[in-house]
Amino acid sequence: MQTTTSAQDRQAEDAFRAEVRAYCAHELPAHVRTKVQANLFLTKEDNLDFLRSLAPRGWVAGHWPRVHGGAEWTPLQRFVFEEESTRLGAPWLIPFGVNYVGPVIYTFGSAAQKARFLPPILASEEWWAQGYSEPGAGSDLAGLKTRAVRHGDHYRVTGQKIWTSYVQWADWMFCLVRTSEEARPQQGISFLLIDMRSPGVRVQPIRTMDGCHHVNEVFLDDVRVPVENLVGEEGRGWTYAKFLLSNERILAAETGRSMRQLEHLKRLVREVPSASTTDRPAFERRVARIELALHALRAYCLSYARRMDASGPPGVEASIMKLRGSELQQQISEATLDWLGQAAIVYDPADVHADAARSPLGPMDASGAVREYLHGRASTIYGGSNEIQRNIISKAELGL
């Protein structure tokens, strides 16, 4: 594993970072940037516009192997793209097709599955959702109850998924199901691809605290799924799920998003008087401590990305990055609301569904700041809760 960075490597890194900045300045759709910077809710069409702007550069799935249509980015390039693009106003690249199921299919899937599913993911023609969490099995996926019973050339799937993000937009859902009862619960899980148009699939929206429709319940009532939609081997779904989750946590620090939000907070402190903060020097020290912690996290992430072996799974570092990154995001949003004071009390979700920033009190982007705070409460839960990340770290590093 590489431990040092040569001058040539650093020049290549700087050149790629400049390339991403040029894309953001000239090709990222302006209306998307405007909504992201104001923390407004993005529609499916907004997200599609973003993806279409990436397509000419081959960046929709830049980390995929070239043989499957990607650019074969190194882990460092992937990190740089995510950091720079989100810092400069690009949205979260909804990951369920590109980052999650796509790599599972090209790593473990059949030739027919690769030919059928990978091209529409790259072309943003088919959208995916992740069917993992259940009412009684969130962070503990081994406890899932959704059953898939084989009948000839089909499985019949019955169960329920919850907190399923953006499934209201999805054409397909990759789903963990129980295909057998084994001594160890992990051994009876399989990985199925389910067409959302199948009879027996029902989606129930869940409105989160920010008043937006991010997540859903999915009910599966005797849904027929062709056996050809089983990825890999029956009973190996736990292995594929761990592979997927390890890919998810590579980028979980979200340093670019934190940098953007911190710059917004610093601008508020410079330009907008606060009636709720009476000790300005103490508040500025608070912001400085957050900024120093973010610098330290970025240095850690960059060091790891520069030496990471793309052919192997991420180490415990991924859990550390997810843990620290999500905590910092919450600290920034909490400080922002503390500075806004009464402007953060009055919140109408209609304001964040508009095309431009608007707020009943305070600066125009105050409602967006409130939405970022409310939605950000979930950042220490999704992608594996921070309690689970602490368990992973304690086992791997401390032997507990």
Side-chain angles (χ1 to χ4, degrees), residues 1-2 8-9 12-13 15-17 19-20 23 27 47-48 50-85 90 92-130 170-175 190-195 226-234 236-237 239-251 304-315 318:
M1 187 175 282
Q2 183 180 347
Q8 185 176 6
D9 289 340
E13 178 184 331
F16 184 69
R17 195 177 289 275
E19 193 177 353
V20 177
Y23 155 77
E27 297 158 49
N47 284 283
L48 280 170
F50 168 50
L51 291 169
R52 290 170 185 141
S53 75
L54 294 172
R57 289 179 176 266
W59 285 1
V60 173
H63 59 289
W64 285 19
R66 287 192 175 89
V67 68
H68 298 306
E72 217 160 281
W73 283 344
T74 65
L76 176 61
Q77 286 176 308
R78 189 179 179 189
F79 176 82
V80 167
F81 169 76
E82 291 282 341
E83 181 176 77
E84 285 296 330
S85 62
W92 181 56
L93 198 160
I94 292 180
F96 307 112
V98 170
N99 289 347
Y100 296 176
V101 76
V104 169
I105 290 172
Y106 69 63
T107 303
F108 303 105
S110 67
Q113 288 170 344
K114 294 172 190 177
R116 166 61 184 85
F117 293 112
L118 297 182
I121 291 174
L122 282 175
S124 303
E125 293 172 351
E126 289 182 344
W127 281 55
W128 288 80
Q130 174 177 279
D171 304 290
W172 288 82
M173 178 173 67
F174 57 94
C175 197
S190 298
F191 195 104
L192 286 185
L193 310 178
I194 299 178
D195 188 337
V227 170
E228 65 195 38
N229 288 4
L230 171 72
V231 175
E233 302 174 34
E234 190 172 288
R236 297 272 292 166
T239 298
Y240 310 146
K242 289 193 297 182
F243 170 86
L244 183 152
L245 290 170
S246 67
N247 274 283
E248 176 182 20
R249 289 168 189 155
I250 294 173
L251 305 172
Y304 179 63
R306 287 170 181 149
R307 59 185 170 83
M308 180 183 171
D309 181 359
S311 65

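Contact of the I194 side chain with the N229 side chain is not registered, since no non-hydrogen atoms from C-beta on lie closer than 4.5 Å. Inter-residue side-chain proximity for Y304 and P75 is flagged as unmet; no heavy-atom pair is nearer than 4.5 Å. Taking 4.5 Å as the limit, every side-chain heavy atom of F174 sits out of range of all side-chain heavy atoms of V104. The shortest distance between side-chain heavy atoms of F191 and T239 does not fall below 4.5 Å. A 4.5 Å side-chain heavy-atom check between W64 and I121 finds at least one atom pair inside the cut-off. A 4.5 Å side-chain heavy-atom check between V20 and W59 finds at least one atom pair inside the cut-off. Residues L93 and L54 are in side-chain contact: their nearest non-hydrogen atoms beyond the backbone lie under 4.5 Å apart.
Shortest non-hydrogen contact noted between N47 and W92 is OD1-O, 4.1 Å. Taking every heavy atom of both residues into account, Y240 and V231 meet most closely at CE1-O, 3.3 Å. F16 approaches Q77 most closely through the heavy-atom pair CE2-O, 3.2 Å. Heavy atoms only, all atoms of each residue included: N99 and H63 are closest at OD1-CE1, 2.9 Å. In terms of heavy-atom proximity, A71 sits nearest to R66 at O-NH2, 3.4 Å. Nearest heavy-atom pair, E233 versus L230, reported as atom, atom and distance to 0.1 Å: C-CD2, 4.2 Å.
In this structure, the ring of Y100 has its center no less than 6.0 angstrom from the ring center of W128.
Sorted by first and then second residue, the pairs that involve residues 54-64 and meet salt bridge (charged side-chain N to carboxylate O under 4.0 Å, His left out), not counting sequence neighbours, are E19-R57, E27-R57.
Taking the side-chain contact (heavy atoms from CB on, under 4.5 Å) definition, one finds that R17 meets it with E13, R21, V80, E83, E84, R298, L302, sequence neighbours left out.
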